Visitor: 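The structure that follows is given in the form of structure tokens.
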Amino acid sequence: MNTLQSRTPLKGKKIAILATDGFEQSELFSPRDALLNAGAEIEIVSIKEGQITGWNEDKWGEKVSVDKLVTNTSSADYDALMLPGGLFNPDSLRQDKHAKAFIDSFFGAEKNKPVAAICHAPWLLAEINKLRDRTITSFPSIKSDLMNAGANWVNEEVCVDRGLVTSRSPEDLDAFNAKFIEEVLEGKHKAH
């Protein structure tokens, strides 16, 4: 690997970040910046056109432009998927059949692409029944929901199970970002 490749190991990789209004701002911006710095191409995918507004701890935050509607794209266009948390964001997305189908399409015997979910975002994976027999972590308040969906929940800053990367909160972003980059480099994983 030459020097440029070692600084941009994800060059040629395309990653979708699925979000809508109310995404936890740091949980979208920090991974996006880490992935861009590693050379990846990023697209913000949403259930609404135009711009989506972040939630910055306890108030509305910055806006982000949407690159594609979830109805106009496919997991075939991407090497991996990143799901930021926040309270409003995953709650809205898990009620949208197109968002759920998009997330679901990253899993399966032929696909099984890396997926990263932080904070409350694993709710989305519970909604589409992707947590059974997987070891994950999340924001502690949704632990019971995830365990009821069949997950083995652990209290760790970052957890990886067959290409699924999870973390608890914005305090874990450095570990989350590094582990997700590592999983994207590894590529597709074997299905369970």
Side-chain angles (χ1 to χ4, degrees), residues 10 13-38 40-108 111 113-131 136 138-139 141-142 145-146 149 163-170 172-173 176-177 180-181 183-184:
L10 298 184
K13 300 286 187 183
K14 190 173 179 182
I15 299 165
I17 298 178
L18 177 63
T20 192
D21 289 322
F23 63 86
E24 182 63 46
Q25 193 163 291
S26 63
E27 294 171 4
L28 187 149
F29 291 169
S30 175
R32 179 194 65 186
D33 293 348
L35 292 164
L36 287 170
N37 288 337
E41 180 185 346
I42 305 297
E43 287 189 340
I44 306 295
V45 178
S46 187
I47 56 176
K48 63 174 269 195
E49 293 182 299
Q51 294 186 316
I52 53 175
T53 306
W55 186 257
N56 191 6
E57 295 180 16
D58 61 356
K59 61 187 174 301
W60 290 105
E62 294 181 40
K63 293 185 181 296
V64 174
S65 293
V66 171
D67 296 304
K68 287 197 174 162
L69 280 176
V70 75
T71 52
N72 295 338
T73 194
S74 160
S75 64
D77 299 334
Y78 304 100
D79 296 291
L81 173 65
M82 207 291 285
L83 301 168
L87 279 170
F88 308 121
N89 173 59
D91 197 51
S92 295
L93 292 174
R94 69 185 185 151
Q95 297 177 63
D96 185 280
K97 69 179 182 180
H98 302 293
K100 291 189 292 189
F102 181 67
I103 297 165
D104 191 50
S105 68
F106 281 83
F107 294 89
K111 299 173 185 116
K113 296 178 180 183
V115 173
I118 187 167
C119 199
H120 288 78
W123 256 345
L124 292 162
L125 304 173
E127 188 70 29
I128 61 167
N129 198 27
K130 294 301 176 203
L131 297 181
I136 66 156
S138 69
F139 196 74
S141 69
I142 65 169
D145 295 344
L146 304 182
L164 176 59
V165 179
T166 52
S167 282
R168 300 171 298 195
S169 71
D172 301 328
L173 278 165
F176 178 75
N177 295 344
F180 186 43
I181 288 170
E183 293 300 301
V184 173

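As the structure is a prediction and not an experimental result, all values here were calculated from the model. All residue numbers in this chain count up from 1 along the given sequence.
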Visitor: Hey, could you give me the CD1/CG distance between Ile103 and Leu83, rounded to the nearest 0.5 Å?
Guide: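 Going from CD1 on Ile103 over to CG on Leu83, the span is 5.0 Å.
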Visitor: How long is the span from the CD atom in Glu127 to the CG atom in Leu93, to the nearest 0.5 Å?
Guide: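 With rounding to 0.5 Å, CD (Glu127) is 11.0 Å from CG (Leu93).
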Visitor: Under the salt bridge (charged side-chain N to carboxylate O under 4.0 Å, His left out) rule, what pairs show up with a residue in residues 67-83, not counting sequence neighbours?
Guide: Glu43-Lys68
Visitor: Please report the interatomic distance CH2(Trp55) to CZ(Phe23), rounded to the nearest 0.5 Å.
Guide: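 The CZ atom of Phe23 is 12.5 Å from CH2 of Trp55, to the nearest 0.5 Å.
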Visitor: Without hydrogens or angle criteria, can the side chains of Ser92 and Asp21 be said to hold a donor-acceptor pair below 3.5 Å?
Guide: no
Visitor: List for me each residue that meets side chain to side chain contact (heavy atoms under 4.5 Å, CB included) alongside Asp91, sequence neighbours excluded, and say none if there are none.
Guide: Arg94, Gln95
Visitor: Let me confirm one number: the CG-OG distance from Asp104 to Ser75, rounded to the nearest 0.5 Å.
Guide: 9.0 Å
Visitor: If every non-hydrogen atom of Ile17 is compared with every non-hydrogen atom of Pro84, which pair is closest and at what distance?
Guide: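 Reported closest heavy-atom pair: CG2-CD, 3.9 Å.
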Visitor: Specify the closest pair of heavy atoms between Glu183 and Gly163, including all atoms of both residues, with the distance to one decimal.
Guide: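 Closest approach of Glu183 to Gly163: OE1-CA, 3.5 Å.
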Visitor: Please name the pair of heavy atoms, one in Met82 and one in Leu28, separated by the smallest distance, quoted to 0.1 Å.
Guide: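 Answer, listing the atom of Met82 first, then Leu28: CE-CA, 4.3 Å.
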Visitor: With a 6.0 Å cut-off (strictly less than), is the heavy-atom count around CD of Gln51, excluding the residue itself, greater than 12?
Guide: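 It does: Gln51 CD has more than 12 such atoms within range.
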Visitor: Excluding sequence neighbours, so at least two apart, what forms side-chain hydrogen bond (donor to acceptor under 3.5 Å, both in side chains) with Trp123?
Guide: Asp145
Visitor: Given side chains that start at C-beta, do those of Glu24 and Ser26 come closer than 4.5 Å, heavy atoms only?
Guide: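 Answer yes - side chains close enough.
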